[in-house]
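So that the names make sense, note that chain A is the first sequence line, chain B the second, and so on, each numbered from 1.
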Amino acid sequence: MSLRRATIVEGLQHILGADSVVTDERILKESSIDRFRMFEDIHGVYTQPIPAAVAMARSTEQVAGVLRFANEHGINVVARTGRTATEGGLETAVPDSVVLDGSGMNQILAIDAYNMQATCQCGVPLQVLEDRVREHGLTTGHSPQSKPLAHMGGLTATRSIGQLSTLYGGIEDMIVGLEAVFPDGTVTRIKNVPRRAVGPDIRHVIIGNEGTLCYITEVTVKLFPYLPENNIFLGYTVDTMKTGFEVLREVMVNGYRPSVARLYDPADGAYHFAHFVPEGLSVLIFVAEGPAGIAKATAEGIEAIVAQHPECRQVESRYISTWFADLNWGPDKIAREREDILQTGNINRTTEVSGDWGCINDIYENALRRIIEEIPDITMAGGHSSHSYINGTNMYFNYFYNVVDCGPEEEVTKYHTPINRIICEETLRYGGAIVHHHGLGKARTPWVRDEYGSSYYILEGLKRAFDPKGIMNKGTIIPA
Amino acid sequence: MNAVRILVCFKVTPDYEALREADWVAGEGGGAHGSGAAGGGTGAASRVETRYVPRILDCFDESALEMALRMREAAAGGTVPVELGAISIGGKEVERHLKTLQALGYERVTRVDTDADLDFAPTVTASIIARYVENTNNTDLLMLGWRSGPHDGGTVPFLVAEELGWPCLTQVTEVVVLSSDRVRVAHVVDDGVLRVTVRLPCVLGVGNAVVARLRVPTLTDRLAQRGAPVERVQGGDLGIDVAAELAREASVLADLEVIRRDRPGVIVGGESPREKAQTLFDSCLKSMIEKL
């Protein structure tokens with residue numbers, strides 16, 4: 001029998017203390033969603049079940065206490081730290097859920113400049129960690145646009161990736177070890193070693209679990225020398241996306257590792273580059289970094305490859321360095337976005353997928369064509385590739401639409417989900433992956449079985465093994 | 001009933017927020033990286049280098065453009081037709097904004113074609129606008145942002161009005177079309193908001209209006225207007241030698257100084273929110289309240 005809301009709150013207060021259990025109605029409403037339902041939020045409309053409380057944990061022991069309590073009483077728990085999720089992963093799908101907030105666990109525990117690794121609690125903002133390690137002449141190499149806002153726990157839980165990923169990798173390449181708490185209160189620590197072959201790499205049970213298996217309380221990440229003075233910025237216009245993808249492929253296949261390797265289509269590129277790129281052209285961007293010799297060799301290698309494609313025309317590098325300096329999203333841009341949406345009814349959404357070199361252009365062209373043909377009120381539809389690998393790349397669909405003739409609560413079902421459906425269908429049809437780095441959340445779970453195919457067996461097995469009572473973030477990754 | 005013919009003047013400006021602090025440098029080839037031409041146009045060697053940042057609609061002009069659309073919608077239910085025109089002075093960067101306005105329903109869009117840097121040239125700017133209005137003789141209400149960017153002293157609306165001999169109101173926040181020759185205008189004055197009825201023609205300088213963002217046309221709207229003509233006018237067509245006028249109004253950006261408004265943050269300590277609130281009150285708020 002499920003507990004009454006008041007009893008849940010009392011139980012949490014007993015574990016955390018009264019001051020650490022938030023029951024303010026406005027905060028609870030805002031805590032029932034993430035940016036996936038920002039249109040509803042901006043209009044003050046909340047359609048998801050309201051949680052019983054936000055539990056502010058200050059230690060691993062408190063996290064364990066809350067999870068044990070929830071597990072014992074069958075209470076749904078939604079894990080969160082920086083609250084920058086975009087795919088509905090933080091929605092409280094079950095009434096009287098507990099939102100377990102680790103933003104107060106914000107201590108940097110160690111910066112080991114000799115072994116090139118840093119350990120911090122889950123609630124440390126990435127920007128804070130980055131600023132601290134830079135005092136040592138180091139960098140995490142992780143630079144998602146959400147860097148000023150996102151916390152290390154959430155970044156790990158969603159398998160995040162940064163703008164410099166082509167050199168430094170995704171968060172899964174950076175995590176050395178971590179600590180996590182499972183629903184029955186078991187605290188597990190995976191030690192920090194360069195590599196080991198002692199069975200499956202169990203870090204990957206935790207990285208990307210989106211709060212469906214465990215709560216990440218501490219992470220240790222790799223560090224790298226910070227050498228911005230060596231950065232070389234390269235930019236080119238290119239006539240077609242197909243050629244742009246080919247250039248990206250050749251750069252990767254030939255062994256070059258620029259930190260940034262991007263390709264913008266004309267529509268998406270116009271938002272950033274209209275001041276120097278003629279209408280209708282795509283844009284290729286590279287940043288070579290690292291020790292001076294490597295940066296120079298990388299830039300020269302890229303220039304030689306691009307030179308083989310006469311339709312690529314170089315632009316002044318300062319255009320690219322200026323653009324790159326203004327990429328990240330802090331509170332100011334979030335506030336501006338909310339005001340824009342409220343006044344115009346025009347909202348920007350994104351869906352990121354990946355595919356191998358053989359199919360990525362087909363995914364891009366077909367999904368974009370269908371979005372424009374099938375979805376009403378589109379004001380812009382485009383995309384860019386921003387993370388490349390030796391066998392393929394991602395496609396970050398970027399689109400705006402006017403929300404008209406419907407209430408705020410219908411925005412997701414009228415526009416966003418149908419667009420997600422088109423992109424997921426086309427991606428699956430060509431054998432790509434339906435999510436590249438935002439996490440599945442709840443937004444794209446309708447296609448998770450098709451995404452996994454026969455390997456869904458493993459995913460279900462993990463859920464059964466580690467969350468047998470199904471209290472961890474119901475509806476995320478695995479459909480409710 | 002005669003239509004009210006509204007002409008909105010707008011400026012496409014560098015996005016100064018995208019300018020790196022290191023690039024706020026006055027002088028020839030401005031900017032830390034030094035790159036020749038400055039200021040986004042010709043004849044501006046002493047400007048801050050801005051050509052590397054994106055171009056955006058000036059925020060007050062954006063308000064004016066949206067207000068005009070809403071004025072037409074509000075008037076549509078009544079008996080007063082409203083015709084909308086838009087004009088901008090500039091180079092190619094202006095074109096895509098004019099096409100956006102066409103897609104939003106502006107009937108007449110005009111580009112006064114020049115690469116000259118008019119950032120510090122309010123009298124030249126005002127002359128161009130005034131001559132265009134006089135020459136075309138099809139404007140009853142001229143609207144424009146009261147200023148555009150950090151280089152603008154907010155004089156253009158007054159100068160245009162003076163040249164045309166029309167009345168001018170600035171800091172306008174709301175306009176309603178009452179009839180074919182009258183509008184109701186709300187504008188901010190020293191001690192509040194004044195609402196007045198103004199006989200047309202007149203010039204309105206739009207200030208901090210609640211309506212601050214321009215709506216966005218759909219791809220379908222854009223497609224429907226594809227190929228619609230953009231009127232292009234040269235300074236000479238208006239009887240103005242822009243280069244000569246600009247030389248007379250030459251100004252030099254001599255220096256720039258960063259005004260630091262950063263304040264140190266203090267984390268208030270305490271065992272509980274109550275204790276923290278008490279500490280905040282005792283250490284800060286109490287003395288502020290006592291000074292009131």
Subject >> Option in B:T220, B:V12, B:V53 with maximal non-hydrogen atom pairs under 4.5 Å from chain A >> reply: B:V53

Original post:
Listed by residue number, which members of residues 56-66 of chain B have a heavy atom under 4.5 Å from any heavy atom of chain A?
Top reply: none

Subject >> Any side-chain heavy-atom pair of A:N402 and B:V216 under 4.5 Å >> reply: yes

Subject >> Under 4.5 Å from a heavy atom of chain A, the part of B:P273 involved >> reply: both

Subject >> Interatomic spacing from CG in B:D15 to CG in A:D326 - rounded to 0.5 Å >> reply: 7.0 Å

Subject >> B:R51 CZ to A:F276 CZ distance, which is reported to the nearest 0.5 Å >> reply: 11.5 Å

Original post:
For the residue pair B:R20 and A:A325, what are the closest heavy atoms and their distance?
Top reply: CD-CB, 3.5 Å

Subject >> CD/A:E373: more than 12 non-hydrogen atoms of other groups inside 6.0 Å >> reply: yes

Original post:
Can you check whether B:L219 reaches A:T379 side chain to side chain, under 4.5 Å on heavy atoms?
Top reply: no

**OP:** Please list, in residue-number order, every residue in residues 334-343 of chain A that has a heavy atom less than 4.5 Å from any heavy atom of chain B; write 'none' if there are none.
**Re:** A:R336, A:E339, A:D340, A:Q343

Original post:
Would the number of heavy atoms belonging to other residues, nucleotides or ligands and lying under 6.0 Å from CD of B:E257 be above 12?
Top reply: no

**OP:** Could you have a look at A:T322, A:D377, A:I320, A:T344 and say which one has the most heavy-atom pairs with chain B under 4.5 angstrom?
**Re:** A:T322

**OP:** Counting only heavy atoms closer than 4.5 Å, note whether B:E17 contacts chain A via side chain, backbone, both or neither.
**Re:** backbone

Original post:
So does B:E107 have more than 12 non-hydrogen atoms from other groups sitting under 6.0 Å from CD?
Top reply: yes

Subject >> Side-chain heavy-atom pair B:Y52, A:H275 within 4.5 angstrom cut-off >> reply: no

Original post:
Which heavy atom in A:A270 sits nearest to a heavy atom in B:R96, and how many Å separate them?
Top reply: O-NH1, 4.2 Å

Original post:
Which bit of B:L214 comes within less than 4.5 Å of chain A, counting heavy atoms only: side chain, backbone, both or neither?
Top reply: backbone

Original post:
So what's closer than 4.5 Å to chain A heavy atoms on B:A212: side chain, backbone, both or neither?
Top reply: both

Original post:
Which bit of B:R213 comes within less than 4.5 Å of chain A, counting heavy atoms only: side chain, backbone, both or neither?
Top reply: both

Original post:
Under a 4.0 Å N-O cut-off, is there an ion pair linking B:K276 with A:D19?
Top reply: no

Original post:
Hey, is CG on A:D24 packed in by over 12 heavy atoms from elsewhere, all under 6.0 Å?
Top reply: yes

Original post:
Which value, rounded to the nearest 0.5 Å, describes the distance between B:T218 atom OG1 and A:N346 atom CG?
Top reply: 10.5 Å

